[in-house]
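To keep things clear, I will list the structure first and then write my remarks on it.
Just so we're on the same page: letters track the sequence lines, and every chain starts at 1. Side chains are part of it too, since the values below use all heavy atoms of this structure and drop only hydrogens, waters and symmetry mates.
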Amino acid sequence: MTSDDIEVIGVGMHPFGRFTGHSLKDLNRVACVSALVDAGLGVQDVDAVYAANAMAGLLQGQEMIRGQSVMREIGIERIPVTNVENACASGSTALRQAVLAIRAGSADVVLVAGVEKMFVEDRGRTLAALESAGDLDVVSGIGLQFTAVYGMRLRRLVAAGRLTVDDLVAVSVKSHANGALNPYAQHRKIVSPEEVLGSRPIADPLTLLMCSSICDGAAAVVLARRGVIPSAGRPTVRVRASQAATGYTTTGNEPSLTETCATAAYAEAGLGPEDVDVAEVHDAMAPAELIAYEHLGFCGPGGAGALLGSGATQIDGSRPVNPSGGLSSRGHAVGATGLAQVAELTWQLRGEATGRQTHQPRIGLAHNNGGWLEGESAVSCVHLLERTDPWD
Amino acid sequence: MTSDDIEVIGVGMHPFGRFTGHSLKDLNRVACVSALVDAGLGVQDVDAVYAANAMAGLLQGQEMIRGQSVMREIGIERIPVTNVENACASGSTALRQAVLAIRAGSADVVLVAGVEKMFVEDRGRTLAALESAGDLDVVSGIGLQFTAVYGMRLRRLVAAGRLTVDDLVAVSVKSHANGALNPYAQHRKIVSPEEVLGSRPIADPLTLLMCSSICDGAAAVVLARRGVIPSAGRPTVRVRASQAATGYTTTGNEPSLTETCATAAYAEAGLGPEDVDVAEVHDAMAPAELIAYEHLGFCGPGGAGALLGSGATQIDGSRPVNPSGGLSSRGHAVGATGLAQVAELTWQLRGEATGRQTHQPRIGLAHNNGGWLEGESAVSCVHLLERTDPWD
Amino acid sequence: MGLNAALTVPTTAQRPRDNGHALVGSRCGQCGAVSFPARAVCHRCGTPAPAEHTFATTGVLLTYTTVHVPRPGLPAPYTLGQVALDDTGPTVFGQVRMNGAEPAAGMAVRVRIGADGETPRYWFEPDRFAG
Amino acid sequence: MGLNAALTVPTTAQRPRDNGHALVGSRCGQCGAVSFPARAVCHRCGTPAPAEHTFATTGVLLTYTTVHVPRPGLPAPYTLGQVALDDTGPTVFGQVRMNGAEPAAGMAVRVRIGADGETPRYWFEPDRFAG
Ligand SMILES: [Zn+2]
Ligand SMILES: [Zn+2]
C-alpha cells in the first residue's frame, strides 16, 4: 500500500485555554465527538483508537490506561486502545501509529485523540512535569526548563547574525494576530512589538509574549482507509507522508532533527518544500517558527528573517505558516498539539478556516517536535496532507 | 501482507527481581543488548523502537521520553522511538505496534523493549502507582488494589463451585516450582501447599505466595520481516497472530475480554486452542492461570481444576502453561511482562529453555492483560507464535 | 443518528453521582444500558446523551474480598465488594461495611451515601430489610 | 562486531561523571565519538563499551540564557549555558556562574565540580586564564 491510501475524514478540537472545571474526560469528549460528527460517524464505526497524552501521570495521577479511561466516557470500549507518549510530539506520534495500523490492514477507521490538562492547583507541579521531557538522569538538578532550551537556541542564531531580536518580536506579533482570529485559540489578543519586547523576561531573549503557556485542551482526528467512508461531497484530504525521527547527540555540525525528518517526509510524498502551501510548525516559543523556516526548507540558511519580513508566511501570503496562531497563541496542550495542527490544516485544505482561511492551499505540512536531548529535540514528526479535489 | 511474514529473531531479558543499584537504563540495556546479540545484530541494524513502560512517570519522574532516554544509553538514536503504555499489557501492546509497523512497510527490523523499576525507597508510592491502572475518576478513594480485583474474581468462582481453594493453592505451588527452574525469575524457591495457604493474607482468598510482588526488570524482542535477516541455522519463530482488545462495561453475562481477544487471535492464525502446545498466561496472581484455562479454551467451564489436576499444564505435561513461573514467580515488572512472555515462548519453541524445556512445542500462546474497569481487565493482548522448522 | 447531543451534556463534575440516598448515573433510552457514573455516549449502542437515572438502593453482593494491605487513610483490613444493583442497575465496586457480620456472595446489600466530602463517597451494608 | 561487551559495563550509577576536577564520560575507540555521561554503546558507530574518558576542563560557551522563572531550590534569575568542551569533547548543558560579569557567546569557560552531594554537581565559570 502507499501513503495516499489514507484520508483524514474528520477533525475536532476542544478549545485550548484554561478550563478549570473540565476533566480529561470532558476535554477528550468534545474533541472526539466533534471529529466523529465531522466525519459523519458514530462511535461504533471506529475500529481502533490511539490516545496521546504526556503529563496525566504526573498531573492527574492517571497513568497506564489514560486512553481507556477517557474513551469509555464516550462509549468506546472493546476495540484496541493504545496509549502513546512522546512528549510534545505525542499527538503526531499517535497519528503516525494510526497511519501504520491502517496500512498494516488491521483497521479501516481509526480515531486519534490527544488530551492534556496542565492547569492544576500547583503551577510548580506543571513546571516539574515539563522538565521530565528531558533525560532526567543527565539533566536533573541544573534547572533546565523548556524555555531555557529555546532561549539558548535562539540566542546562538542571534549571536551568529542569522536572526535579529526584531525578527523574534515580529514573528511573535504575527502569532498573536493569527491566534486572535482562531476561536479555538488560548491567546486571542493582538499584541504590539512594544508589548512583546516589554513583557516579562522568561529566558532571554524570550519574553512572556513569545512563549506558549500552561494550557488545557484536546484535539482529535479520524483517519480512514481510502474509499471506506463516502466523502459526502466534501473536499478529500489525504495523508501523503508520515515520518518520525529521534534526536541524537549533536556535534553541532549535522543537519537538524527537523531537517532529517522533513527530508524523509518530502521523499515519501515525492514533494519538496516548494510544494507546501500552508504549514503548522512547532513553535513552543513563537520565534522557533523562524528556525523551522530553515529546517523545513522554506528558506536558505539565514533567510528566515527576510522570509518573515516579505509577508509570505502571513495568512494572506504565498506560504502561510501557523495560521492557527501556532503553539504560542493557539496554545500548547502538550499531548493534543500535534493533532490540533492536523485539525487546522484539514480546515485550511477544505476551505473551512473561517476568518483565517489561507488562499486555496493544496499541500499542508504539520511539524511537531518533542522533548530535548543535549542540543536537539528528542522527537520530530512531519506529516504532509493533500487536498485532492481542485479548488473550483 | 499476512501475519506469518514476521519473525521473532532475537529475545533477551534482564533478570526480574530487586535490583536496587540498577537504573531504568541498566535494566533496559541488558535486555536489549541480549536480544540484539541473540539476533546477531548491532544497534545500527534496527529501524524502529517501541518502548513499553507503565510507571516511570510516577515512580522515577521520567514521563514523556522514557524510551528515548533509555535507548541513547545503548547508542540508539535517530530512528523512530514510540513510547507505548497500556498498564500491565504495555509490553504486548508495544509488540503489536511493532508487528503493525512491519506489516505497514515502515520498518524491517524493530526492537521492542519493556522496562519497569518498581522498587523505590517508599513502597507506598509503588502501591499508589499501581492503583492508577484503574479509572481513578470512578474508583479512587475506595481502596481498590490489584490484589482485591483478583481476590473478588476468584472468590466468585470458588463460591460458584467452579474452583476450589485447593486449586488456587495447587496452581501457586506449580508456579513457584516452575520459577525455581528459571534463572530469570524473581521467586526461585519451591513452596509447599501448606506454605502457600499459611502465608500472610493479602486479599482473601489470596495469600502472599499466590501473588506477584513488586519487581524490577526488563525484556526485549527483535522482530524482522521474513527473510530480511538470515536465520543462522536456528529454528525460526514466526508471529502467527497479534490481537488486542479493550475492556467493557460488564453485565456479567458476556464472554470475557480474554475470550474475545483469544478468539480473534485464533481466527487470525487459523488455529484453535487445541493447537497450542505451550502458553504463557497473565497470572498477576497465580490462581488467575486457572481462569485463563477457561477463557483461552484450554478447558470447558468449570474444568480448570481438573485440567490442573491432570498434570497437563505442568512443564512435562501435554500443554504446559507458564513454564517460566508466570507473573507470580518469574515476576511482574509491569511494562516488561508481555515481552518476557514472548522471550520465554521463543526459548521454548527453539528448544533453548534449559531446565524447564517443554516437549517439542510448535505453537506458543502469550496472553497479557492490563488494568481494570468495573469487572473486567482494561486491556487484553493475545499473540500466537509458531516454530516453523520440524523438531528433528 | 448524530452524536451532536454528546457535545452539550454536563461535564463529569456537574453530573450528580448520588442524590444523598441512592447512586445516580445514566440509562440509555435506546437500549437500556446503564452506567455509573453517567457517560456522554452509550457504551452498548452508541446513542449520545443517555438520560440521568437514579438506581435502586439495593443490590446483590456478587463477590467480595477482605484486603489486608493498608492504604493511606484506609487502615487494613477492609472489605471490598462487587455489587449488581437491583432493577438491572450497574455493577459497581465499593467498600462493604459488615459491622461485624460475615459477608457472603449473593447477600442482599444496601447502598449508603456519605456526607459531603467524605471518602469514600458511598459504600454498602447488609440490607437488614431483606428476607 | 558483537555487542556482548555492552552486557558487562558498569551500571550508570557506577560510572564516574567527574574526577573532582573534570567531567568524565566515554570516548569510542573506533570512531572517537564522545558522550557525557558515558554510554554502553557508541551512538555514532554502534561499538560497545566505549572507553572511560576524562574531558578537558575548558570549553567554549556556545550559547546561554538567563532564566527568570525560579524552580524549587533554584532562585531566579540564573544562567544556563551550552558548552562545547575543548579537545573535541562533548557539548553539554550546565549552569554558568558569571560572578557579576556578562556572559558572551564564544567565551572561554572552565568547568567547576561541586562537593559530594551538591546540586548541581558541576557548573561553568569564565576561564580567567584564557586569552
Ligand atoms: Zn444504548
Ligand atoms: Zn564509535
Side-chain angles (χ1 to χ4, degrees), chain A residues 1 23-25 49 54-55 57-58 60-66 68-69 71-72 76-88 90 93 96-97 99-106 128-129 132-138 140 243-249 257 260 334 370-371 373 378-379, chain B residues 1 23-25 49 54-55 57-58 60-66 68-69 71-72 76-88 90 93 96-97 99-106 128-129 132-138 140 243-249 257 260 334 370-371 373 378-379:
Chain A
M1 299 173 203
S23 65
L24 290 169
K25 288 182 178 178
V49 170
M55 299 158 79
L58 290 173
Q60 282 79 37
Q62 184 72 65
E63 282 252 32
M64 300 212 198
I65 57 160
R66 312 171 196 212
Q68 289 82 358
S69 65
M71 287 299 161
R72 65 202 302 232
I76 293 184
E77 305 183 332
R78 299 179 186 269
I79 59 172
V81 174
T82 303
N83 292 294
V84 171
E85 186 180 353
N86 255 358
C88 308
S90 296
T93 300
R96 183 162 179 272
Q97 301 314 308
V99 167
L100 297 180
I102 296 174
R103 287 187 192 164
S106 83
S132 77
D135 180 352
L136 293 180
D137 169 49
V138 176
S140 74
Q243 291 288 333
T246 295
Y248 43 83
T249 308
L257 176 63
T260 304
V334 173
L373 307 175
V379 184
Chain B
M1 297 172 202
S23 64
L24 289 169
K25 288 183 179 179
V49 170
M55 300 159 78
L58 290 174
Q60 281 80 40
Q62 183 73 65
E63 282 253 31
M64 301 213 198
I65 59 160
R66 312 170 194 212
Q68 288 83 357
S69 65
M71 286 299 161
R72 67 204 300 230
I76 293 183
E77 304 184 332
R78 297 178 186 271
I79 59 172
V81 174
T82 303
N83 292 294
V84 171
E85 187 180 351
N86 255 357
C88 307
S90 296
T93 300
R96 183 161 178 273
Q97 300 315 308
V99 166
L100 297 180
I102 295 174
R103 286 187 193 164
S106 84
S132 77
D135 180 353
L136 293 180
D137 169 47
V138 177
S140 75
Q243 291 289 333
T246 294
Y248 43 82
T249 307
L257 177 64
T260 304
V334 173
L373 307 176
V379 185

Do A/Glu63 side-chain atoms and B/Gly57 backbone N/O form a donor-acceptor pair below 3.5 Å?
yes
Looking only at B/Gln68, B/Gln243, B/Arg72, the option with the highest number of non-hydrogen pairs under 4.5 Å against chain A is B/Arg72
Any donor-acceptor pair under 3.5 Å from A/Thr246 side chain to B/Glu77 backbone:
no
Distance (rounded to the nearest 0.5 Å) between A/Met64 CE and B/Glu85 CD:
7.5 Å
Identify which of B/Asp137, B/Val99, B/Thr93, B/Val49 forms the greatest number of heavy-atom pairs closer than 4.5 Å to chain A.
B/Asp137
Search all heavy atoms of A/Pro80 against all heavy atoms of B/Ala244 and return the closest pair with its distance.
CG-O, 3.2 Å
Could you report the tightest heavy-atom contact between B/Ala104 and A/Arg103, atom names first, then the distance?
CB-CB, 3.6 Å
Over all atoms of both residues, closest heavy-atom pair of B/Thr82 and A/Asn86
CA-ND2, 4.0 Å
Applying side-chain contact (heavy atoms from CB on, under 4.5 Å), can you list everything that pairs with B/Ser69, at least two apart in sequence or on another chain?
A/Asp135, B/Gln62
Where on B/Ala128 is there a heavy atom nearer than 4.5 Å to chain A: the side chain, the backbone, both, or neither?
neither
Answer key: most heavy-atom pairs under 4.5 Å with chain A among B/Ala378, B/Ala245, B/Ala133 is B/Ala133
Best-contacting candidate, B/Gly370, B/Ser106, B/Ala101, B/Ser90, against chain A by heavy atom pairs under 4.5 angstrom:
B/Ser106
Under 4.5 Å heavy-atom distance to chain A, tell me which part of B/Leu373 shows up: side chain, backbone, both or neither.
both
Given heavy-atom pairs under 4.5 angstrom as the criterion, report whether the side chain, backbone, both or neither of B/Thr249 touches chain A.
both
For A/Ser132 and B/Ile65, work out which heavy atoms get closest and say how close.
O-CG1, 4.0 Å
Among B/Ala87, B/Ser140, B/Cys88, B/Gly247, which residue has the highest count of heavy-atom pairs closer than 4.5 Å to chain A?
B/Ala87
Segment of B/Met71 engaging chain A (4.5 angstrom heavy-atom cut-off)
neither
Heavy-atom distance under 4.5 Å to chain A: side chain of B/Val379, backbone, both or neither?
side chain
Is it the backbone or the side chain of B/Leu58 that comes under 4.5 Å from a heavy atom of chain A, or both, or neither?
both
